[in-house]
Amino acid sequence: MHAAVVHALGEPPRYATVPEPAPAAGEVVVEVLAAALYPLVRSFASGGHYTGAAALPLVPGFDAVARTAGGELVYVPGLEPPHGTMAERIAVPATALMQLPDGLDPVAVAAAVNPASSAWIALRERGRLRTGESVLVLGATGNAGRAAVRLARDQGAGSVVAAGRDPEALRRTEELGADRTVPLTGSDEDVAGAFGAAAAEADLVLDYLWDRPAELALDGILRHRTDLARPLRWVQVGSAAGADMTLPSAWLRKADVHVCGSGLGSISGARRNACLRELLDRLPSLEPTTEPVAVPLADVETAWQAPLRPGTRIVFTTPAAETDRAAGTRRRAASAEGAGARESV
């Protein structure tokens, strides 16, 4: 079979022939339909992820939408290199498979789940969002940040503040539910002041940026907060702006600030899977916030570093996806034909 294969860390994977998967006890082989490319996947493939580098050669891909031998549409979570999901077929523990409602577009699901699950887990599990609370999304113009804005509103946030650099993408967060926006442009004093004006009374911060934007946000919030004893929960999810920030000790002494992270090691696998199942159950009713760009897996080497518009995500598809799409078209046509026949009786 074929797969995307990384032969050297830091280089794009190549489309190559690999052995068929050999399932261990308790594993099953599934046909991959779609697997998304996002920062976590790139991080594993480059050897830069905080969990450490995998052995080479490796197949990248952290999750996928697939079909079982019995025809069930499933989501496959949490595979790690060297045996990732960007292959025609993969062996996975049978207990890890999460059934999806039939009729969903595998490509759209593959594009949506990672950013949505990042936001979902940060909001519900790590941030413990309560109805009516105020949420600041720091880095709201990325795919995960956009999902966080939508899900915060969906989960009952009283107000949502979105912060980001791209003015047009920031404006579009208002369509997703943001009440106010903070552009990360201008002088440090201007940006800190904007955070103070828009988010001084925030209860929860979801931080996808870290580094200087996080410093300015926390500084602005604490300088303008009316009650410093009111708890501020800060959930660190990503570091798009940089891996380090300066955190003066006085900030933690003069205010009730709680900082935690949301990532692969921050909650148990059982809790992560429970959160994922909650999210997957809600997928049919959630408006998508990420537009998929379907690319054949055979084109992985050229597409790996291709520039994309904000709000989009590359999803690699296998030959099985075309077969599955054709079968889905036939199933929908048969269902519509059956419905028409019932109406005519």
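No hydrogens, no waters, no symmetry mates; every other heavy atom, side chains included, goes into these values. Predicted model, so just to flag it, every value in this text is computed and none were measured.
- The residue from Arg230, Arg233, Arg128, Arg130 that alone fulfils the side-chain hydrogen bond (donor to acceptor under 3.5 Å, both in side chains) condition with Asp203 is Arg230.
- In this structure, SG in Cys260 is found 11.0 Å from CD1 in Ile267, a value given to the nearest 0.5 Å.
- Side-chain heavy atoms closer than 4.5 Å link hydrophobic residues (I, L, V, M, F, W, Y) into clusters, and following such links, even through other members, never connects Val235 to Leu252.
- Met245 is connected to Val205 through a chain of hydrophobic side-chain contacts under 4.5 Å among Ile, Leu, Val, Met, Phe, Trp and Tyr, so both are in one cluster.
- With Glu215 contributing its side chain and Thr246 its backbone, the two residues share a donor-acceptor pair below 3.5 Å.
- Here the straight-line distance linking atom CG of Asn143 with atom CD of Glu291 works out to 10.0 Å at 0.5 Å rounding.
- Classification of Arg223 and Glu189 as a salt-bridged pair holds, one side-chain N sitting under 4.0 Å from a carboxylate O.
- Crowding of Asp244 atom CG: a count of heavy atoms from other residues, nucleotides or ligands under 6.0 Å not exceeding 12.
- Between Trp234 atom CH2 and Leu136 atom CG the span is 6.5 Å, to the nearest 0.5 Å.
- Between atom CG of residue Leu218 and atom CH2 of residue Trp251 there is a gap of 5.0 Å, rounded to the nearest 0.5 Å.
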Glu278/Arg282 under salt bridge (charged side-chain N to carboxylate O under 4.0 Å, His left out): CA gap, chis, key distance, verdict: CA-CA 7 Å; Glu278 288 178 354; Arg282 298 182 62 86; over 6 Å; no
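- Hydrophobic clustering of Ile, Leu, Val, Met, Phe, Trp and Tyr side chains at less than 4.5 Å, counting indirect connections, unites Leu232 with Leu216.
- Within a 6.0 Å radius of CD in Glu168, other residues, nucleotides and ligands contribute more than 12 heavy atoms.
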side-chain hydrogen bond (donor to acceptor under 3.5 Å, both in side chains) between Thr302 and Asp299, intermediate numbers included: CA-CA 6 Å; Thr302 55; Asp299 296 335; 5.1 Å; no
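- The CG atom of Leu151 sits 12.5 Å away from atom CZ of Arg153, with the distance rounded to the nearest 0.5 Å.
- Remark: Leu209 CG to Leu184 CG distance equals 6.5 Å, nearest 0.5 Å.
- Stacking of Arg42 on the aromatic ring of Trp304 is recorded, both the 6.0 Å distance cut-off and the 45° axial limit being met.
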